[in-house]
Amino acid sequence: MPLRCVRGLSSSSSPRVCIVGGGPAGFYTAQQLLKNAAVDIYERLPVPFGLVRFGVAPDHPEVKNVINTFTQTAQHERCSFHGNVNVGKDVTIDELRQAYHAVVLSYGAEGNRSMGIPGEDLPGVFSAKDFVGWYNGLPSNKELHPDLSFETAVILGQGNVALDVARILLAPVEMLKETDITQNALEALAGSKVRRVLIVGRRGPLQIACTIKELREMVNLPNTRADMLPADFEGIAEALKDLPRPRKRLTELMMKAVKEGGDDKAEKCCGFRFFRSPVEVLAGADGKRATGIRLALNKLEGSGESARAEVTGQLEDVDCGLIISSIGYKSIPIDPAVPFDPRRAIVPNEMGRVQDTAGLYCSGWVKRGPTGVIATTMNDSFDTAHVLIQDMEAGKLDLSVNKPGAQAITALLQTRGVRTVLFSQWEKINAEEEKRGKSQGKAREKLLDVDEMLKIAWS
């Protein structure tokens with residue numbers, strides 16, 4: 001059966017490239033490579049789009065519009081999507097390298113950075129990645145069942161993900177019910193007793209990692225007042241004039257929230273706690289679940305972005321029944337054949353060329369670490385694609401040999417009992433999700449069960 005991705009091309013004339021990971025990094029890399037190569041994208045789940053589907057907040061539908069671009073890429077005559085393939089388990093990187101002229105690792109960061117403190121494994125403590133996966137319908141997080149019966153939640157970390165989580169915890173359910181948030185999360189949030197969310201960071205207001213859009217959304221949440229400590233902002237006004245414009249606007253918005261304090265009649269509150277690092281999750285008398293967190297108070301050494309937090313020796317306990325660690329995602333090794341830097345949790349590379357491994361490349365978070373927004377990943381992925389194309393043109397990849405690509409890999413997977421989900425089959429899942437969502441007045445109702453996804457895809 002001829003491969004869709006090489007229609008209209010002689011197989012010898014078109015280099016074949018395989019991309020591991022169907023998220024933003026994978027699709028942006030493919031988009032650039034399609035000018036010069038036939039591209040096959042392999043994705044562990046039956047559904048594409050990675051963190052655009054499972055990471056972007058449900059009340060940010062405009063950010064998800066990039067899915068339209070990714071769909072055009074997937075439908076390109078030289079591109080093929082193969083979902084339900086767990087690279088490293090169902091097929092090795094060496095097997096992919098034999099079937100393709102080049103392999104690009106774009107599998108993101110599915111691990112969690114550990115806080116490394118006593119009590120972090122207690123019930124009531126979640127990683128932000130898992131909590132976000134729960135309300136966004138990631139199949140592996142569908143059984144999370146966070147207990148929202150406590151008044152105070154503490155989020156550790158002050159990046160955009162932390163603010164997304166705070167907003168979802170405090171937003172009126174009416175604001176969420178027409179989004180693609182999962183129905184089970186919506187029902188849990190409707191019964192939530194959480195009224196106060198504290199977002200804790202080890203450094204100060206001038207080092208906060210979120211962007212102004214997320215901060216503005218938090219400050220403007222209905223029925224929610226700002227809960228800040230004026231002492232955290234001492235000396236900040238004097239520093240304003242020397243700040244770059246984006247940082248200055250961000251800081252001014254926080255200071256305005258401190259000054260105004262918000263509506264005293266508001267039933268909920270949300271605020272930052274600066275100069276604090278977690279040292280221990282505190283258990284209740286029975287030792288069975290988290291009931292608080294012990295924080296070390298810090299002072300800053302140095303100034304600006306490079307300022308370091310140093311402990312003062314003072315401690316502070318905060319009562320809370322829900323603790324969410326938002327200190328970063330972490331890439332994990334995919335295959336023993338691929339070099340991996342465990343300290344930086346990336347695949348060691350130079351401009352996307354994997355160290356000491358000709359024909360192997362990387363893009364996105366696995367290349368640079370889990371930082372930045374979707375546009376950062378776009379630029380990073382374009383860079384890797386351009387480097388790969390340069391290597392083709394410079395003769396660094398042997399394109400004289402015919403490579404079988406997906407034809408060989410699909411046959412190999414079949415012998416191992418693995419059946420792939422093509423993009424046209426994902427579109428059946430998509431149609432079913434939109435249909436279920438429409439009946440509830442939502443954009444979509446995501447399927448949470450992989451077996452159900454596969455049943456619909458292959459029907």
Side-chain angles (χ1 to χ4, degrees), residues 17-34 37 39-45 47-56 63-67 69-71 73-74 79 81-83 85-88 93 96-97 100 102-113 128-129 132-133 136 138 159-161 209 328-335 338-355 357 359-391:
V17 178
C18 152
I19 293 175
V20 179
F27 272 98
Y28 279 129
T29 307
Q31 185 183 321
Q32 292 300 299
L33 289 175
L34 284 168
V39 178
D40 295 326
I41 300 171
Y42 292 89
E43 164 58 43
R44 185 169 50 89
L45 288 168
V47 295
F49 312 134
L51 277 187
V52 176
R53 177 179 166 98
F54 296 119
V56 173
V63 181
K64 302 186 192 200
N65 288 340
V66 71
I67 282 174
T69 308
F70 296 163
T71 297
T73 298
C79 186
F81 173 83
H82 303 269
V85 180
N86 192 345
V87 172
I93 292 293
L96 291 175
R97 291 179 69 200
Y100 291 90
V103 174
V104 185
L105 305 172
S106 308
Y107 63 86
E110 59 179 292
N112 291 308
R113 276 184 62 195
K129 186 183 82 66
V132 169
N136 270 336
L138 187 62
N160 282 344
V161 175
Y329 293 29
K330 187 175 79 169
S331 294
I332 53 179
I334 192 170
D335 186 301
V338 178
F340 192 79
D341 180 341
R343 190 181 61 80
R344 296 173 66 204
I346 59 167
V347 170
N349 69 92
E350 193 166 324
M351 295 168 62
R353 295 181 183 96
V354 174
Q355 185 181 297
T357 324
L360 192 59
Y361 300 80
C362 56
S363 69
W365 282 2
V366 78
K367 170 186 172 185
R368 70 176 193 277
T371 57
V373 292
I374 290 172
T376 324
T377 292
M378 177 183 77
N379 292 325
D380 168 286
S381 303
F382 286 1
D383 289 346
T384 292
H386 295 151
V387 161
L388 201 163
I389 291 164
Q390 281 169 13
D391 288 357

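The basis for the numbers below is simple: all heavy atoms, side chains too, and nothing from hydrogens, waters or symmetry mates. Here the structure is a predicted model, which means the values were calculated and not measured.
- Inter-residue side-chain proximity for Ser331 and Ile346 is flagged as unmet; no heavy-atom pair is nearer than 4.5 Å.
- Aromatic rings of Phe49 and Phe54 (six-membered ring for Trp) have centroids beyond the 6.0 Å cut-off, not under it.
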Does Tyr361 form a side chain to side chain donor-acceptor pair (under 3.5 Å) with Asn349? I'd like the steps, not just the answer.
CA-CA 8 Å; Tyr361 300 80; Asn349 69 92; over 6 Å; no

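- Side-chain N/O atoms of Tyr28 and Asp380 include no donor and acceptor closer than 3.5 Å.
- Under the 6.0 Å cut-off for aromatic ring centres, Phe81 and Tyr42 do not qualify, their centroids lying 6.0 Å or more apart.
- Side-chain contact annotation: Arg368 with Ser363, donor-acceptor N/O pair under 3.5 Å absent.
- Here the side chains of Val338 and Gln355 are not in contact, with every heavy-atom distance at 4.5 Å or above.
- Using a 4.5 Å heavy-atom threshold, the side chains of Thr69 and Gln31 count as touching.
- No more than 12 heavy atoms of other residues, nucleotides or ligands lie within 6.0 Å of CZ in Arg113, so this atom counts as exposed by the packing criterion.
- Put simply, CG on Leu33 and OG1 on Thr73 are 10.5 Å apart, with the number rounded to the nearest 0.5 Å.
- Counting heavy atoms from C-beta outward, Asp391 and Arg353 have side chains that approach closer than 4.5 Å.
- The shortest side-chain heavy-atom distance between Leu51 and Val56 does not fall under the 4.5 Å cut-off.
- No side-chain heavy atom of Ser381 sits under 4.5 Å from any side-chain heavy atom of Phe27.
- Considering only heavy atoms from C-beta on, Ile41 stays 4.5 Å or farther from Thr29 through its side chain.
- In this structure, Pro24 and Phe70 approach most closely via the heavy-atom pair CA-CZ, 3.7 Å.
- Contact detail for Thr371 and Trp365: the closest heavy-atom pair is O-NE1, 3.3 Å.
- Checked for salt-bridge contact, Arg44 and Glu110 meet the test: a charged N lies under 4.0 Å from a carboxylate O.
- Between the OH atom of Tyr329 and the NZ atom of Lys129 there is a distance of 7.0 Å, given to the nearest 0.5 Å.
- Taking every heavy atom of both residues into account, Val17 and Ala37 meet most closely at CG2-CB, 3.9 Å.
- Distance check: Asp383 CG to Met378 CE gives 10.0 Å after rounding to the nearest 0.5 Å.
- Nearest heavy atoms, Gly22 versus Glu43: N-OE1, 2.8 Å.
- Closest non-hydrogen pair, Val366 versus Cys362, comes out as CG1-CB, 4.1 Å.
- Annotation: side chain of Leu360 is not in contact with side chain of Val347 (no heavy-atom distance under 4.5 Å).
- Considering all non-hydrogen atoms of both residues, Ile334 and Val87 come closest at CG1-O, 3.5 Å.
- Using a distance-only test at 3.5 Å, with no hydrogens or angles considered, no donor-acceptor pair links the side chain of Tyr100 to the main chain of Gly359.
- Note that OG of Ser106 is 9.5 Å distant from NZ of Lys367, once rounded to the nearest 0.5 Å.
- Atoms CD1 and CZ, from Ile67 and Arg53 in turn, are 8.0 Å apart once rounded to the nearest 0.5 Å.
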